[in-house]
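Residue numbering restarts at 1 for every chain, and letters A, B, ... go by the order of the sequence lines.
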Amino acid sequence: INMTISCLCKEGKLGEACSLFDEMGKRGLSPNLVTFNTLISGHCKKGQISDAYKLLTVMVEQGICPNIVSYSALINGHCKEGRLEEACKLFEEMKGRGVIPDGVIFTTLIDAHSKVGTIEAALNLHDEMLKQGIKLDVVAYNALVHGLCRAGKLKEVKRFLDLMVKTGLVPDKITYTILVDGFCKEGNLEKALEMRNKMVMRGMKMDNVCYTALITGLSRQGKVADAHNMLHEMLKAGFMPD
RNA sequence: AGCCGGUGGCCCC
């Protein structure tokens, strides 16, 4: 039944998922943690964050303790709706309930701060992760690196890339795309192309996202011919522009 | 066992 609710949520049929949930209640079936988490996530993805929070309240009333996943979904939902302050409050609430934050939650918050430009806060969260002995993974670094790129701190980025490698992590396609895009937006096309080459040399395939970043970068710098060539390469590689 | 949470381009805004 959780699978069914999950499928409905993924198809965007939140209403049907909720009916099923209500039906469960009427038949005396009790939803479990995963049922609630699935619905919380479903509501959040539709931007219905206050309903999502209500579900959290309901589960508590029913004696089910929200876990890290419940809060992750809820906090991410708030972040995506631009309610970072409330997301932070939820983070505190969560910790108050004795739920130990993990890397995913931190990454969610780091990403949110990066996006609104409070990169300092993102960096503080990074420090806190280290202090708490939570290992950063590639996703966490990508969020940080992206934030630094957006803040124009391309120099700082290097430090984190080194740190990342030192930790034994391997930058992935997304890391490189962030860097390609970051250098493009900074107007440093040479570096951008260098990143692309590195990416390909390390066995990662270019995809349409990375191509689009490069092509728009080139064309915005007036390098129309290069942009055209790149577009050709992209088409030859079998990607359709979108 | 399975089902629920985090990161990339353009476009839209």
Side-chain angles (χ1 to χ4, degrees), chain A residues 1-10 14 17 20-21 31-45 49 52 55-56 59 64 66-80 82 87 90-91 94 99 101-115 122 125-126 129 134-150 157 160 164 169 171-185 192 195-196 199 204-220 227 230-231 234 239-242:
Chain A
I1 189 110
N2 282 342
M3 271 180 51
T4 312
I5 291 181
S6 164
C7 287
L8 288 171
C9 286
K10 277 182 192 140
L14 189 54
L20 194 52
F21 177 75
N32 64 12
L33 177 65
V34 173
T35 321
F36 276 108
N37 287 351
T38 306
L39 280 171
I40 287 174
S41 152
H43 278 92
C44 285
K45 284 188 179 126
I49 52 178
L55 279 163
L56 191 97
M59 69 194 279
I64 300 172
N67 70 351
I68 189 79
V69 175
S70 327
Y71 275 103
S72 275
L74 199 55
I75 287 175
N76 187 237
H78 280 74
C79 289
K80 294 271 143 71
L90 285 165
F91 186 54
M94 177 190 97
V99 178
D102 66 1
V104 173
I105 279 260
F106 271 108
T107 304
T108 304
L109 291 169
I110 285 175
D111 180 54
H113 273 110
S114 293
K115 282 186 174 129
L125 286 165
H126 166 254
M129 283 178 85
I134 300 170
K135 285 212 173 65
L136 279 84
D137 62 7
V138 177
V139 176
Y141 275 107
N142 286 348
L144 258 179
V145 166
H146 196 192
L148 290 168
C149 285
R150 271 189 288 245
V157 164
F160 283 96
M164 185 172 175
L169 296 170
D172 64 6
K173 188 168 74 176
I174 295 185
T175 318
Y176 284 109
T177 304
I178 291 167
L179 294 170
V180 165
D181 180 56
F183 282 119
C184 277
K185 288 191 169 134
M195 288 301 135
R196 175 196 97 126
M199 167 175 166
M204 279 157 270
K205 276 193 187 157
M206 291 283 288
D207 63 11
N208 57 339
V209 174
C210 196
Y211 271 119
T212 310
L214 260 179
I215 292 167
T216 48
L218 287 166
S219 56
R220 280 182 188 163
M230 196 61 70
L231 180 60
M234 172 176 161
F239 292 109
M240 292 298 289
D242 48 17

Applying a 4.0 Å non-hydrogen cut-off, can you work out what [X] is touching in the nucleic acid: base, sugar-phosphate, or nothing?
X: G103(A); value: base
X: T177(A); value: base
X: L179(A); value: nothing
X: I5(A); value: nothing
X: D172(A); value: nothing
X: T212(A); value: base

Say you draw a straight line from [atom1] of [X] to [atom2] of [Y]; how long is it, rounded to the nearest 0.5 Å?
X: M59(A); Y: L33(A); atom1: CE; atom2: CG; result: 5.0 Å
X: M204(A); Y: I174(A); atom1: CE; atom2: CD1; result: 11.5 Å
X: I75(A); Y: I49(A); atom1: CD1; atom2: CD1; result: 12.0 Å
X: L144(A); Y: M164(A); atom1: CG; atom2: CE; result: 10.0 Å
X: L109(A); Y: S72(A); atom1: CG; atom2: OG; result: 9.0 Å
X: L231(A); Y: L214(A); atom1: CG; atom2: CG; result: 12.0 Å

pair S114(A)-R150(A): side-chain heavy atoms closer than 4.5 Å
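The answer is yes, as the side chains (C-beta and beyond) meet within the 4.5 Å cut-off.
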Test item: C44(A) and L74(A) side chains (from C-beta on) under 4.5 Å apart, heavy atoms
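Of all side-chain heavy-atom pairs linking L74(A) with C44(A), at least one is under 4.5 Å.
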Spacing of [X] atom [atom1] relative to [N] atom [atom2], expressed in whole Å:
X: Y141(A); N: G6(B); atom1: OH; atom2: P; answer: 21 Å
X: K115(A); N: G6(B); atom1: NZ; atom2: P; answer: 11 Å
X: L39(A); N: C3(B); atom1: CG; atom2: P; answer: 17 Å
X: I178(A); N: U7(B); atom1: CD1; atom2: P; answer: 11 Å
X: F106(A); N: G5(B); atom1: CZ; atom2: P; answer: 20 Å
X: I75(A); N: U7(B); atom1: CD1; atom2: P; answer: 14 Å
X: R150(A); N: U7(B); atom1: CZ; atom2: C1'; answer: 9 Å
X: M230(A); N: G9(B); atom1: CE; atom2: C1'; answer: 14 Å

Name all residues meeting the salt bridge (charged side-chain N to carboxylate O under 4.0 Å, His left out) criterion together with K115(A); count only those two or more places apart in sequence or in a different chain, and write none if there are none.
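So K115(A) forms a salt bridge (charged side-chain N to carboxylate O under 4.0 Å, His left out) with D111(A).
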By nearest atom, which of the nucleotides G6(B), C4(B), C10(B) is closest to the D181(A) side chain?
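Of G6(B), C4(B), C10(B), C10(B) is nearest to the side chain of D181(A).
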Side chain of V69(A) only, heavy atoms from C-beta on: which candidate in G5(B), C3(B), U7(B) is closest?
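For the V69(A) side chain, the nearest candidate turns out to be G5(B).
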Base [N] paired with [X] side chain (donor-acceptor, <3.5 Å):
X: D102(A); N: G5(B); answer: yes
X: T107(A); N: G6(B); answer: yes
X: N2(A); N: G2(B); answer: no
X: D137(A); N: G6(B); answer: yes

Side-chain N or O of [X] closer than 4.0 Å to phosphate OP1/OP2 of [N]:
X: K10(A); N: C3(B); value: no
X: K45(A); N: G6(B); value: no
X: K173(A); N: G9(B); value: no
X: N76(A); N: G6(B); value: yes

Taking the inter-plane angle between the rings of Y211(A) and F239(A) on a 0 to 90° scale, is it parallel (under 30°), tilted (30 to 60°) or perpendicular (over 60°)?
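Correct class here is tilted.
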Only Watson-Crick and G-U wobble pairs with both distances less than 3.5 Å should count. Give RNA chain B in dot-bracket notation, marking inter-strand partners with |.
.............
Atom pairs, N/O to N/O, protein against nucleotides 11-13 of chain B, distance under 3.5 Å?
residue: C11(B); atom: OP1; partner: R220(A); partner atom: NH2; Å: 3.2

Tell me which one of D172(A), D137(A), T107(A) satisfies side-chain hydrogen bond (donor to acceptor under 3.5 Å, both in side chains) with N142(A).
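Per the side-chain hydrogen bond (donor to acceptor under 3.5 Å, both in side chains) rule, the option paired with N142(A) is D172(A), out of D172(A), D137(A), T107(A).
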